[in-house]
Trainee: 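Sending over a structure as structure tokens; questions will come in a sec.
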Amino acid sequence: MRHREANTILYALREEIRHDPQAVVNGSSAMKPSRKWVKPVPSLEQPPLNMTQEERTKWFRKSFASFKVLHSDSISRQFSAKVKAFFKPCKQRFFMTWISRIDSFGSRERLSIESVFKWNPLCCLLVISRTMDSEAGEEILQPFRDRGFRVMAAAPDLRYLFKKTPAEEWLRKVEGGDIDPGEVSFAQNLSNILRLAALYKFGGVYIDADVILLRNFYGLRNAIGAQNRDSQTGRWNRLNNAVLAFDKRHPLLFKFIQEFALTFDGNKWGHNGPYLVTRVVTRVANRTGYEFKIMPPFAFYPVDWSHIYSYFISPSDRGHAKWRNAKIMHLQREGYAIHLWNKQSRGLNVEEGSIMHHIFNSHCIFCHSVLEGS
């Protein structure tokens with residue numbers, strides 16, 4: 001089983017077909033291809049590699065104008081009013097972030113939205129995204145609205161979201177170009193802080209766009225999930241931030257935001273995400289004033305990223321089928337959600353009869369275009 005990772009293309013080679021009026025054979029024109037380089041577009045998803053810290057900082061400062069999601073403008077300044085009006089009738093709030101291109105929002109991301117409304121039909125879902133707050137994004141979300149579901153995309157106003165939090169000073173450094181974005185995707189790290197700020201300001205549930213809900217989340221409050229558990233002690237040894245459920249202004253969220261602002265490091269994968277929440281919870285776990293619960297790994301992360309492929313494979317024999325049926329029953333009893341680990345699973349086909357085939361068909365609304373890798 002091969003794992004295919006999506007590569008960010010910094011330089012694109014475009015092939016143009018031009019008509020050569022001199023080349024006509026039997027009344028039909030021949031087409032002659034010519035190639036030219038398209039000017040590279042700076043990407044938050046993948047800063048240039050093999051640069052020194054000083055070089056990356058200069059690149060970030062020079063490219064800042066092209067990173068629209070980081071700017072306050074007429075579109076992002078509508079965020080506060082739009083979101084307050086959107087959430088007004090809502091008793092249950094869900095959040096996603098999408099910092100990538102609109103054309104990479106595929107069938108699996110749509111299925112994530114479907115699963116939210118499959119189990120929480122009266123909730124409101126806000127997709128915090130510059131690219132989704134567009135005509136193309138509206139086309140993706142309109143079918144949900146046509147079914148009566150409340151979903152909206154809004155370009156984030158970072159100054160509004162980070163106001164009166166430790167992230168405010170971090171944003172000033174970003175806007176001033178005084179920060180090393182690091183070699184890890186800056187878009188990923190921006191998503192890490194956006195989810196924390198949104199939950200701190202509004203309260204609700206955040207899920208990654210590659211998370212599929214397996215049940216309703218009514219009553220789930222002030223909870224974070226363990227990703228791994230020590231086989232000897234049974235105690236969790238790593239948490240994850242792909243699913244978060246917290247009340248507005250919860251003190252643990254403030255600590256998360258503070259840790260992000262004080263220890264930001266764009267060169268270490270997970271440092272500002274899963275490892276961040278693990279560090280903070282380890283420090284505050286026994287202190288008073290931080291009421292929250294740690295959900296067991298099977299609640300949100302029933303399969304680790306290194307074994308996610310096993311959920312996409314159809315049973316090869318009777319023993320394998322028995323294992324699959326037991327897993328499905330376990331998910332139905334104790335699972336709240338499943339993280340697809342898209343970086344590892346995006347290229348995998350969903351084989352008929354596999355665990356994912358069952359999940360995709362059981363937790364969808366439109367139930368189409370989700371059975372192939374996208």
Side-chain angles (χ1 to χ4, degrees), residues 1-4 107-120 205 207-220 223-245 274 278 293-374:
M1 182 64 62
R2 295 189 302 172
H3 297 259
R4 185 180 67 196
S107 59
R108 298 218 180 142
E109 289 75 23
R110 289 182 178 90
L111 179 61
S112 182
I113 295 178
E114 289 182 43
S115 73
V116 169
F117 291 118
K118 175 82 171 183
W119 292 106
N120 308 271
V205 177
I207 65 167
D208 274 358
D210 60 346
V211 168
I212 306 299
L213 267 58
L214 303 178
R215 67 168 66 189
N216 76 64
F217 273 37
Y218 295 118
L220 185 67
I224 187 170
Q227 179 182 328
N228 299 115
R229 181 177 278 168
D230 188 287
S231 59
Q232 299 296 322
T233 65
R235 187 181 183 277
W236 63 267
N237 53 22
R238 186 190 300 176
L239 305 181
N240 199 296
N241 63 336
V243 181
L244 300 166
T278 302
K293 54 189 171 185
I294 298 175
M295 305 293 285
F298 204 84
F300 304 143
Y301 313 103
V303 58
D304 193 62
W305 63 268
S306 59
H307 294 96
I308 185 64
Y309 69 90
S310 65
Y311 276 43
F312 286 77
I313 301 171
S314 60
S316 56
D317 54 42
R318 188 173 297 178
H320 191 179
K322 186 177 180 180
W323 173 85
R324 178 208 58 188
N325 293 339
K327 282 290 183 183
I328 290 174
M329 291 180 65
H330 194 183
L331 287 167
Q332 291 172 342
R333 288 196 313 268
E334 300 181 25
Y336 280 74
I338 181 169
H339 192 198
L340 297 183
W341 308 105
N342 256 4
K343 190 174 182 181
Q344 285 72 33
S345 73
R346 182 177 291 278
L348 300 177
N349 287 332
V350 182
E351 296 183 7
E352 188 172 356
S354 65
I355 294 173
M356 291 313 306
H357 185 268
H358 172 83
I359 289 174
F360 281 15
N361 279 290
S362 301
H363 304 281
C364 59
I365 291 175
F366 303 110
C367 302
H368 57 77
S369 303
V370 295
L371 297 183
E372 294 184 358
S374 58

Trainee: I'd like to know whether Trp305 forms a side chain to side chain contact (heavy atoms under 4.5 Å, CB included) with Gln227, so could you lay out the CA-CA distance, the side-chain angles of the two residues, the decisive distance to 0.1 Å, and finally the verdict.
Mentor: CA-CA 10 Å; Trp305 63 268; Gln227 179 182 328; 4.3 Å; yes
Trainee: Please check if the distance between the ring centroids of Phe298 and His330 is under 6.0 Å.
Mentor: yes
Trainee: Please examine the side chains of Ile313 and Ser354, heavy atoms only from C-beta on, and report whether any two atoms are closer than 4.5 Å.
Mentor: no
Trainee: Taking Ile365's backbone N and O only, do any of them form a donor-acceptor pair with Glu114's side chain (distance below 3.5 Å, no angle check)?
Mentor: yes
Trainee: May I ask you to decide if Val211's main-chain N or O and Arg108's side chain share a donor-acceptor pair within less than 3.5 Å?
Mentor: no
Trainee: Before accepting this row, confirm whether a basic side-chain N of the pair Glu109/Arg346 lies closer than 4.0 Å to the acidic partner's carboxylate O.
Mentor: yes
Trainee: If the test is side-chain hydrogen bond (donor to acceptor under 3.5 Å, both in side chains), which one of His357, Glu351, Glu352 qualifies with Ser314?
Mentor: Glu351
Trainee: Quick one, Ile224 and Lys293 - any side-chain contact, counting heavy atoms below 4.5 Å?
Mentor: no
Trainee: Do Met295 and Phe300 come close enough that some side-chain heavy atom pair is under 4.5 Å?
Mentor: yes
Trainee: Assess the residue pair Phe360 and Ser115 against the criterion (side chain to side chain contact (heavy atoms under 4.5 Å, CB included)); give the C-alpha distance rounded to whole Å, side-chain angles, the decisive distance to 0.1 Å, and a yes or no.
Mentor: CA-CA 9 Å; Phe360 281 15; Ser115 73; over 6 Å; no
Trainee: Taking side chain as C-beta onward, heavy atoms only, is Leu348 less than 4.5 Å from Tyr311?
Mentor: no
Trainee: Does a sphere of radius 6.0 Å around OH in Tyr336 hold more than 12 heavy atoms from other residues, nucleotides or ligands, not counting ones at 6.0 Å or beyond?
Mentor: no
Trainee: Is Thr278 reaching over with its side chain to a backbone N or O of Arg238, donor-acceptor style, under 3.5 angstrom?
Mentor: no
Trainee: Is the CZ atom of Arg318 crowded by more than 12 outside heavy atoms at less than 6.0 Å?
Mentor: no
Trainee: To the nearest 0.5 Å, what is the distance between CG (Leu111) and CE (Met356)?
Mentor: 7.5 Å
Trainee: Does a side-chain heavy-atom distance below 4.5 Å link His358 with Gln332?
Mentor: yes
Trainee: How long is the gap from OG on Ser112 to CG on Leu340, to the nearest 0.5 Å?
Mentor: 8.0 Å
Trainee: What distance separates Glu334 CD from Arg215 CZ, expressed to the nearest 0.5 Å?
Mentor: 8.5 Å
Trainee: Flag the pair Trp236 / Asp230 as yes when at least one side-chain heavy-atom distance between them is below 4.5 Å, and no otherwise.
Mentor: no
Trainee: Quick check: does any side chain N or O of His320 sit under 3.5 Å from a backbone N or O of Ser316, one acting as donor and the other as acceptor?
Mentor: yes
Trainee: Do the non-hydrogen side-chain atoms of Leu331 and Ile359 ever get within less than 4.5 Å of each other?
Mentor: yes
Trainee: Set out, in order, the CA-CA distance, both residues' side-chain angles and the distance that settles side chain to side chain contact (heavy atoms under 4.5 Å, CB included) for Val243 and Phe217, then state yes or no.
Mentor: CA-CA 11 Å; Val243 181; Phe217 273 37; 4.0 Å; yes
Trainee: State, to 0.1 Å, how close Tyr301 and Gly225 come at their nearest heavy-atom pair, and which atoms those are.
Mentor: CE1-O, 3.8 Å
Trainee: Can you measure from CD1 (Ile212) to CD1 (Ile207) and round to the nearest 0.5 angstrom?
Mentor: 7.5 Å
Trainee: Check for me whether the distance between the ring centres of Trp119 and His363 falls short of 6.0 Å.
Mentor: yes
Trainee: Would you call Lys118 and Cys364 a side-chain contact if the rule is heavy atoms closer than 4.5 Å?
Mentor: no
Trainee: Should Asp210 and His339 be marked as a side chain to side chain donor-acceptor pair (under 3.5 Å) after you check the CA-CA gap, both sets of side-chain angles, and the distance that decides it?
Mentor: CA-CA 6 Å; Asp210 60 346; His339 192 198; 3.0 Å; yes
Trainee: Would you confirm whether Arg324, through its side chain, and Gly353, through its main-chain N or O, come within 3.5 Å as a donor-acceptor pair?
Mentor: yes
Trainee: Rounded to the nearest 0.5 Å, how far apart are CG of Asn325 and CD1 of Ile355?
Mentor: 9.0 Å
